[in-house]
Q: 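Mind looking over this structure? Questions follow.
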Amino acid sequence: MRLLVALGLAGAMMLGSSERGAVPSDAGRSIGSHRAVPLPAPRSPSFQVVVLSTDLRGLMSALWVENNRHWDELADQNTLTQLLGTGKPTQREYLGCLVGDVAGDTLFVRRLVHAKHLKQLQFAVAGDCEGVERLVGSFHTHPYRADSAGHALKERGLSPMDLKTFAAAPDLVTMVMWDLDSLDAATKAVDGSVRHPAAVRIR
């Protein structure tokens with residue numbers, strides 16, 4: 001689907017359209033005369049806060065524990081050996097798909113489902129949420145890292161790469177957890193710009 005959209009945009013640019021989504025001036029001449037009309041740009045629904053249920057927040061915590069159960073076994077590990085893949089894999093990043101809806105000024109995240117084609121590594125994760133109904137975004141975990149002395153270091157919050165990936169995606173929200181009591185989120189404004197950090201409430 002994204003490939004088709006990209007090809008469509010490229011075609012519009014080749015036809016000389018100066019505005020994304022504009023109809024080419026010579027489009028449809030075989031069936032009648034049409035004037036160039038700019039189509040509305042993609043927009044995100046308007047909302048100000050993200051709401052999670054306490055049960056869903058608990059599930060996120062359980063997933064962090066499951067995938068980071070050996071986070072404190074870093075005494076003989078350091079970041080270099082872990083990045084090289086020669087160290088002991090004490091933890092794995094996890095990726096899930098967030099299902100929900102927007103009502104009023106609130107984005108309600110209702111469920112979390114496992115991403116498809118999940119590939120979990122020490123400091124990276126891959127997968128997709130294609131075909132997930134009512135998809136609103138994604139959730140992933142961050143691991144602890146080890147300093148030169150083998151002490152655990154938190155990777156706090158969404159990384160610059162996380163935010164860049166989110167900005168290019170159609171998702172409305174992205175969340176990361178790096179400890180049981182730590183949750184960070186970013187959302188999309190109406191114009192598609194990224195809002196970070198975003199307000200998250202647990203109910």
Q: Report the distance from atom CG of D171 to atom CG of L135, rounding to the nearest 0.5 Å.
A: 5.5 Å
Q: Taking all atoms of both residues into account, what is the closest heavy-atom pair of V136 and D101, and its distance?
A: CG1-N, 4.1 Å
Q: Please answer: with hydrophobic residues joined when any side-chain heavy atoms are less than 4.5 Å apart, are L59 and V176 in the same cluster?
A: no
Q: Between V113 and M175, is there a shared hydrophobic cluster once you connect ILVMFWY residues whose side-chain heavy atoms come closer than 4.5 Å?
A: no
Q: Just by distance, with hydrogens left out, do H142 and N68 show a side-chain donor and acceptor under 3.5 Å apart?
A: no
Q: Give me the atom names and distance for the closest heavy-atom approach of L56 to S53.
A: N-OG, 3.0 Å
Q: Are S159 and D162 close enough that a side-chain donor and a side-chain acceptor fall under 3.5 Å?
A: yes
Q: Work out which heavy atom in S138 is nearest to a heavy atom in L98; give both atom names and the distance.
A: O-CD1, 3.4 Å
Q: For a quick test of reading the model, state the closest non-hydrogen atom pair linking C97 to A115 and the distance between them.
A: SG-CA, 3.7 Å
Q: Are L183 and R57 close enough that some pair of their side-chain heavy atoms sits under 4.5 Å apart?
A: yes
Q: Would a distance-only check, ignoring hydrogens and angles, find a side-chain to backbone donor-acceptor pair under 3.5 Å from R195 to K188?
A: yes
Q: Which heavy atom of L180 sits nearest to which heavy atom of S61, and what is that distance?
A: CD2-O, 3.5 Å
Q: If hydrophobic clusters are built by linking Ile, Leu, Val, Met, Phe, Trp and Tyr wherever their side-chain heavy atoms come under 4.5 Å apart, do V200 and V194 end up in the same one?
A: no
Q: So, the side chain of T141 versus the backbone of W64: is there a donor-acceptor pair under 3.5 Å, distance only?
A: no
Q: Given side chain to side chain contact (heavy atoms under 4.5 Å, CB included), test T165 with T174 step by step and report yes or no.
A: CA-CA 10 Å; T165 300; T174 186; over 6 Å; no
Q: Answer yes if M60 and V125 sit in the same cluster of Ile, Leu, Val, Met, Phe, Trp and Tyr residues linked by side chain heavy atoms under 4.5 Å apart, and no otherwise.
A: yes
Q: How long is the straight-line distance from CG of L52 back to CZ of R203, given to the nearest 0.5 Å?
A: 10.5 Å
Q: Looking at D184 and L158, would you say the former's side chain and the latter's main chain have a donor-acceptor pair under 3.5 Å?
A: yes
Q: Compare all side-chain heavy atoms of N67 with those of M177 and state whether any distance is below 4.5 angstrom.
A: no
Q: Search all heavy atoms of F139 against all heavy atoms of L112 and return the closest pair with its distance.
A: CD2-CD1, 3.5 Å
Q: Following the transitive rule for hydrophobic clusters with a side-chain heavy-atom cut-off under 4.5 Å over Ile, Leu, Val, Met, Phe, Trp and Tyr, establish whether L118 and L63 coincide in one cluster.
A: yes
